[in-house]
Amino acid sequence: MNKDKVFPPVYYSDYLELDRILGSQHPKSDEYNDPAHDEMLFIIMHQVVELWFKQTLFELDDVIRIFDSENIDEKKLGTVTHRLQRVVEIQKLLVEQVRVIETMTPLDFLDFRDYLIPASGFQSYQFRLLENRLGLEHDKRLKYNNTDYNKTLSAEHQKLLETKTPSLFQLLNNWLERTPFIKPENFDFWNKYKNAVEQMLDNDESIIKNNNSLSEEKRTRQLEMFSSTRENFMSLFDESKHEEKIKDGSARLSLKATLAALFINLYRDEPILYLPFQVLNKIIEMDELFATWRYRHS
């Protein structure tokens with residue numbers, strides 16, 4: 001900042017453009033001379049949500065900018081963690097503020113719902129942008145009134161969604177695949193790891209088989225579940241099996257990226273892997289909170 005320059009005084013209300021913000025609530029029920037008290041709450045609640053979506057996009061775009069590089073300075077991972085933590089805190093607010101809208105009963109909502117047809121929260125283009133930034137694939141989206149999600153939006157917003165930018169998921173996968181020391185030359189870590197886990201699994205299977213307190217039905221059921229656990233583990237060492245999991249939707253990261261994420265988790269307390277683990281942990285937390293928000297908001 002230029003300390004020698006004299007800046008004109010700034011008025012709080014003007015800086016925040018409060019006249020525009022506080023004057024942007026126009027209940028439809030008032031237009032039809034049928035005022036519904038709770039429509040004001042409905043409008044403000046969703047305007048606040050959209051403002052937080054804007055901030056979330058702002059943070060994620062910076063994270064994507066940092067990850068969209070072949071070489072990422074370790075110091076930048078601290079910035080990424082900070083940005084993602086901010087998103088997480090915003091998400092917690094979004095989930096918590098659902099309690100406010102829940103003070104409006106379904107009957108209160110019906111007082112003005114007919115005036116809003118066919119508007120729907122499904123048309124939140126910012127939330128669709130968020131899904132795109134995070135890496136939600138087109139064929140994984142639910143249709144709305146039997147049409148693609150973007151067909152319910154205006155032409156302007158459809159164009160925004162069509163802009164091709166790398167997703168956080170794609171960049172995260174690439175970053176994990178570049179993780180060093182996953183395959184050291186002088187030590188076969190993954191063979192040692194595989195043998196150790198197989199011994200543990202054999203021991204667990206033996207406990208189930210020899211547990212006399214289990215009925216035959218329960219023992220059979222537990223062994224079937226255990227067989228699935230073993231199969232999932234073995235897919236870590238079989239490229240074709242992992243590709244099958246990607247095709248059926250039970251996995252998304254490439255095998256190389258999956259092994260890197262596992263390695264980071266196993267050695268998360270090592271100083272060199274502490275920040276990478278924090279990044280992965282924040283992304284998982286962010287994903288869980290989006291799922292919680294969807295559930296609470298529906």
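Counting begins at 1 with the first residue of the sequence.
Here Arg296 pairs with Glu102 in a salt bridge; the nearest charged N to carboxylate O distance falls below 4.0 Å. For the pair Arg219 and Glu216, the salt-bridge criterion is met [side-chain N within less than 4.0 Å of a carboxylate O]. Between Asp68 and Arg65 there is no salt bridge, since none of the side-chain N atoms of the basic residue sits less than 4.0 Å from a carboxylate O of the acidic one.
A perpendicular orientation is assigned to the rings of Phe233 and Phe237, their planes being inclined by more than 60° (bins at 30° and 60°). Ring orientation note: the planes of Phe53 and Phe127 are tilted relative to one another, at an angle of 30° to 60°.
No more than 12 heavy-atom neighbours from other residues, nucleotides or ligands sit within 6.0 angstrom of NE2 on His37. The environment of Glu231 atom CD is sparse: at most 12 non-hydrogen atoms of other residues, nucleotides or ligands sit within 6.0 angstrom. The local environment of CD in Glu31 is crowded, with over 12 non-hydrogen atoms from other residues, nucleotides or ligands closer than 6.0 Å. For CZ of Phe122, the number of neighbouring non-hydrogen atoms (other residues, nucleotides, ligands) closer than 6.0 Å is greater than 12.
The cationic atom of Arg128 (NZ for Lys, CZ for Arg) does not lie both less than 6.0 Å from the six-membered ring centre of Tyr149 and within 45° of the ring axis.
A donor-acceptor pair shorter than 3.5 Å cannot be found between the side chains of Asn71 and Ser69. Under the 3.5 Å distance criterion, with hydrogens and angles disregarded, no donor-acceptor pair is assigned to the side chains of Asn232 and Ser235. In the model, Ser29 has a side-chain atom that pairs as donor or acceptor with a side-chain atom of Glu39 under 3.5 Å.
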Chi angles and distances behind the salt bridge (charged side-chain N to carboxylate O under 4.0 Å, His left out) call for Arg230, Asp202: CA-CA 9 Å; Arg230 187 186 289 275; Asp202 289 342; 3.0 Å; yes
side-chain contact (heavy atoms from CB on, under 4.5 Å) between Leu236 and Trp190, intermediate numbers included: CA-CA 10 Å; Leu236 291 172; Trp190 290 111; 6.0 Å; no
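Taken to the nearest 0.5 Å, the CD atom of Glu59 stands 11.0 Å off from the OG1 atom of Thr79. From Ile66, atom CD1 reaches atom CG of Asp61 across 11.5 Å, with rounding to the nearest 0.5 Å. Within the model, atoms CD of Gln170 and CZ of Phe67 stand 13.5 Å from one another, a figure rounded to the nearest 0.5 Å.
Grouping the Ile, Leu, Val, Met, Phe, Trp and Tyr side chains by contacts below 4.5 angstrom, directly or via other members, places Leu116 with Leu41. A continuous path of hydrophobic side-chain contacts links Leu129 to Val48 [ILVMFWY only; heavy atoms under 4.5 Å]. Connection of Leu201 to Met225 is not established within any shared hydrophobic cluster, with ILVMFWY side chains joined at heavy-atom distances below 4.5 Å, either directly or through further cluster members.
You'll find the side chain of Gln97 reaches within 4.5 Å of the side chain of Val49, heavy atoms only. The closest side-chain heavy-atom distance from Leu275 to Lys76 is not below 4.5 Å. Two residues are said to be in side-chain contact when any heavy atoms from C-beta on lie closer than 4.5 Å; Tyr267 and Phe277 fail this criterion. Between Lys282 and Glu285 the shortest side-chain heavy-atom distance falls below 4.5 Å.
In this structure, Trp293 has its ring center no closer than 6.0 Å to that of Phe290.
Taking all atoms of both residues into account, the shortest heavy-atom contact from Asn132 to Ser167 is O-CB, 3.5 Å.
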